[in-house]
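The block underneath contains the structure these notes are about, expressed in structure tokens.
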Amino acid sequence: MTQDLEALFDEMISQQRAKVLAVARSINARLTGDDLLSPLDFPELAGDGRFNYEDGLLAGLISAQIALRAHFRRKQA
């Protein structure tokens, strides 16, 4: 079960990362994935509601994945 959940989260996170990058590039075509690690360095991203929404979804997925990993590790201990 945990491997299935891990695979599902990996897929969802990968898709969301691609979506965040696509939205960022629609705002500034020169942006890279590395640039998105510090979006506040780019005022055009920081001020864009759609980018912030999609980036927030990505952060939520990553947080949920971390929480599930911690939960299953505690159950194994």
Side-chain angles (χ1 to χ4, degrees):
M1 179 73 160
T2 60
Q3 289 177 341
D4 291 340
L5 283 173
E6 189 70 31
L8 177 62
F9 269 100
D10 286 343
E11 183 179 341
M12 291 188 314
I13 289 169
S14 177
Q15 289 175 353
Q16 190 62 26
R17 279 188 204 282
K19 189 171 187 180
V20 169
L21 182 57
V23 169
R25 285 187 174 159
S26 74
I27 298 165
N28 180 339
R30 291 186 232 159
L31 293 172
T32 67
D34 286 343
D35 292 331
L36 300 184
L37 297 174
S38 301
L40 296 178
D41 290 347
F42 302 91
E44 64 268 33
L45 291 182
D48 188 86
R50 182 171 177 222
F51 172 81
N52 287 311
Y53 175 79
E54 298 297 346
D55 193 45
L57 286 178
L58 176 59
L61 287 170
I62 293 169
S63 295
Q65 183 184 45
I66 291 167
L68 279 172
R69 284 178 181 166
H71 171 76
F72 286 116
R73 284 191 182 127
R74 278 193 306 269
K75 283 183 87 171
Q76 290 176 350

Taken to the nearest 0.5 Å, the spacing of Glu44 CD from Leu31 CG works out to 6.0 Å
Test side chain to side chain contact (heavy atoms under 4.5 Å, CB included) on Asp35 and Asn28 and set out the steps. CA-CA 11 Å; Asp35 292 331; Asn28 180 339; over 6 Å; no
side-chain contact (heavy atoms from CB on, under 4.5 Å) filter on Ser63, not counting sequence neighbours, yields none
**Item:** Note, Glu6 side chain near Leu68 side chain (heavy atom, < 4.5 Å)
**Value:** no
Same cluster (ILVMFWY, side-chain, under 4.5 Å), Tyr53 and Met12: no
Review point. Going only through I, L, V, M, F, W and Y residues with side-chain contacts under 4.5 Å, is there a path from Leu57 to Leu21?
Key: no
Value for CD (Gln76) from OG1 (Thr2), rounded to nearest 0.5 Å, stands at 6.5 Å
Tell me if a side-chain donor or acceptor on Glu54 pairs with a main-chain N or O of Gln16 at a distance below 3.5 Å. no
To the nearest 0.5 Å, atom CG of Leu61 lies from atom CG of Asp10 at 11.0 Å
side-chain contact (heavy atoms from CB on, under 4.5 Å) filter on Asp48, not counting sequence neighbours, yields Ile27, Arg50, Phe51
Smallest heavy-atom separation, Ala46 atom then Leu40 atom, equals CB-CD2, 3.9 Å
Gln15 meets the side-chain contact (heavy atoms from CB on, under 4.5 Å) criterion, sequence neighbours left out, with Glu11
Only residue of Leu36, Asp55, Ile62 satisfying side chain to side chain contact (heavy atoms under 4.5 Å, CB included) with Arg17 is Ile62
